[in-house]
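So the structure is just underneath, and the comments pick up after that.
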Amino acid sequence: MHPQESPNHVQERHVLDAIYQNAAMGLDATSTILRKANHPKLRAELCKQLTYYQDTKDQIRSQLASLHAQPLEKGELAKLCANASIQLHCLGGASSSEIAALMCKGTNTGVVQLTQVLHQNPDISESLKRQSRAIIRHEEAYMQRLKPYL
């Protein structure tokens, strides 16, 4: 913690970093899986989510900049492992059902992680709490939209 930073400032940065990393991981995974998707409506859903993740990353980067901070990026090894996992699951092609299942699994992991981070950082501003909950609701709605493809 920087000498001038208050505990809630540190918690805000931690939550913003978690949201950023969730969006970055979602963006990477969706970009990778999109190449495997053939179903037009599923592709459209994935493209919509891809835009959401990019917009979220941009928004969080801006919020962190206002706190004079840079987002913590996931390491290259984490990205490589996630990409390899997707490639392995899609070896020889992937059905819409398999793609939807992979995306639901990853999205659910993100929801759990964001929920945990929120509970571990209770001193954040009400506006960041609302923003975080809205992101979680969006991710849960995304999983619902993927269920018809399972």
Side-chain angles (χ1 to χ4, degrees), residues 1-2 5-37 39-90 94 96 98-147 149:
M1 180 165 67
H2 198 273
E5 286 186 309
S6 65
N8 68 331
H9 185 89
V10 171
Q11 287 187 23
E12 297 240 339
R13 282 185 43 202
H14 186 67
V15 171
L16 289 169
D17 276 328
I19 294 169
Y20 183 88
Q21 289 177 5
N22 179 72
M25 191 64 101
L27 185 69
D28 290 343
T30 305
S31 296
T32 300
I33 204 83
L34 186 59
R35 293 179 228 134
K36 311 281 184 187
H39 190 287
K41 288 184 179 177
L42 178 57
R43 282 186 63 80
E45 190 62 55
L46 293 170
C47 287
K48 182 175 155 186
Q49 191 68 6
L50 198 63
T51 300
Y52 174 79
Y53 287 135
Q54 185 61 59
D55 291 346
T56 300
K57 275 183 68 177
D58 293 344
Q59 179 183 13
I60 299 302
R61 186 180 289 113
S62 175
Q63 286 176 259
L64 283 164
S66 73
L67 298 174
H68 308 290
Q70 292 290 320
L72 290 177
E73 298 284 347
K74 281 269 188 211
E76 287 303 314
L77 184 58
K79 289 180 186 179
L80 183 65
C81 288
N83 190 8
S85 175
I86 291 170
Q87 297 294 345
L88 183 62
H89 280 90
C90 296
S96 294
E98 291 166 321
I99 289 169
L102 275 173
M103 296 312 293
C104 281
K105 183 179 177 185
T107 302
N108 190 60
T109 299
V111 166
V112 169
Q113 289 171 344
L114 288 177
T115 302
Q116 287 173 329
V117 167
L118 263 182
H119 289 149
Q120 293 164 356
N121 296 280
D123 297 328
I124 60 174
S125 68
E126 284 304 315
S127 64
L128 185 53
K129 286 178 186 177
R130 281 191 302 278
Q131 179 183 9
S132 300
R133 289 184 197 120
I135 289 168
I136 291 168
R137 282 191 307 275
H138 178 92
E139 294 290 85
E140 290 170 339
Y142 173 55
M143 287 188 288
Q144 290 300 318
R145 292 191 308 273
L146 289 173
K147 286 184 179 181
Y149 301 100

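Remember, predicted model here, so these are calculated numbers, not experimental data. Along the sequence shown, residues carry numbers from 1. Quick note: numbers below take in every heavy atom, side chains included, and nothing from hydrogens, waters or symmetry partners.
Side-chain atoms of Leu118 and Arg133, non-hydrogen and from C-beta on, do get closer than 4.5 Å to each other. By the 4.5 Å heavy-atom criterion applied to side chains, Leu50 and Ser31 are counted as neighbours. For the pair Asn121 and Val10, the minimum side-chain heavy-atom distance is 4.5 Å or more. Considering only heavy atoms from C-beta on, Glu139 comes within 4.5 Å of Gln49 through its side chain. In this structure, the side chains of Gln11 and Val15 stay at 4.5 Å or more apart for every pair of heavy atoms. No side-chain heavy atom of Ile99 sits under 4.5 Å from any side-chain heavy atom of Leu146.
When the salt bridge (charged side-chain N to carboxylate O under 4.0 Å, His left out) test is applied to Arg43, no partner is found at least two apart in sequence or on another chain. Under the side-chain hydrogen bond (donor to acceptor under 3.5 Å, both in side chains) criterion, Lys129 pairs with Glu126, not counting sequence neighbours.
Here the straight-line distance linking atom CD of Gln21 with atom CG of Leu114 works out to 10.0 Å at 0.5 Å rounding. With values rounded to the nearest 0.5 angstrom, His68 atom NE2 is found 8.0 Å from His9 atom NE2. One distance of note links OG of Ser125 with CG of Asn8; it measures 8.0 Å at 0.5 Å rounding. Separation of atoms CD1 (Ile124) and CZ (Arg13) is listed at 14.5 Å; rounding is to 0.5 Å. Interatomic distance, NZ of Lys48 versus CG of Leu46, reported as 11.5 Å (0.5 Å rounding). Taken from CD in Glu12 to CG in Asp17, the straight-line distance is 12.0 Å, to the nearest 0.5 Å.
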**Stepwise side-chain contact (heavy atoms from CB on, under 4.5 Å) test for Thr56 and His138** = CA-CA 11 Å; Thr56 300; His138 178 92; over 6 Å; no

**Request:** Evaluate side-chain contact (heavy atoms from CB on, under 4.5 Å) for Glu45 paired with Tyr142, printing each intermediate quantity in order.
**Result:** CA-CA 9 Å; Glu45 190 62 55; Tyr142 173 55; 3.9 Å; yes

**Message:** Test side-chain contact (heavy atoms from CB on, under 4.5 Å) on Glu98 and Leu102; report intermediate values, then the result.
**Reply:** CA-CA 6 Å; Glu98 291 166 321; Leu102 275 173; 5.7 Å; no

**Request:** Check the pair Ser132, Ile19 against side-chain contact (heavy atoms from CB on, under 4.5 Å), reporting the backbone distance first and the verdict last.
**Result:** CA-CA 8 Å; Ser132 300; Ile19 294 169; 3.6 Å; yes

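Side-chain polar atoms of Gln63 and Gln131 form a donor-acceptor pair below 3.5 angstrom.
Of all heavy-atom pairs between Gly110 and Asn22, the closest is CA-OD1, 3.2 Å. Listed here is the closest heavy atom pair of Tyr53 and Thr30: CE1-OG1, 3.6 Å. The nearest pair of heavy atoms linking Leu72 to Tyr20 is O-CD2, 3.9 Å.
Within the structure, the salt bridge (Lys or Arg N to Asp or Glu O under 4.0 Å) test picks out the following pairs touching residues 53-67 (sequence neighbours left out): Asp58-Arg61.
In this structure, Gln113 contributes its side chain and Ala18 its backbone to no donor-acceptor pair below 3.5 Å.
Applying the 6.0 Å contact sphere to CD of Gln70 captures no more than 12 heavy atoms from other residues, nucleotides or ligands.
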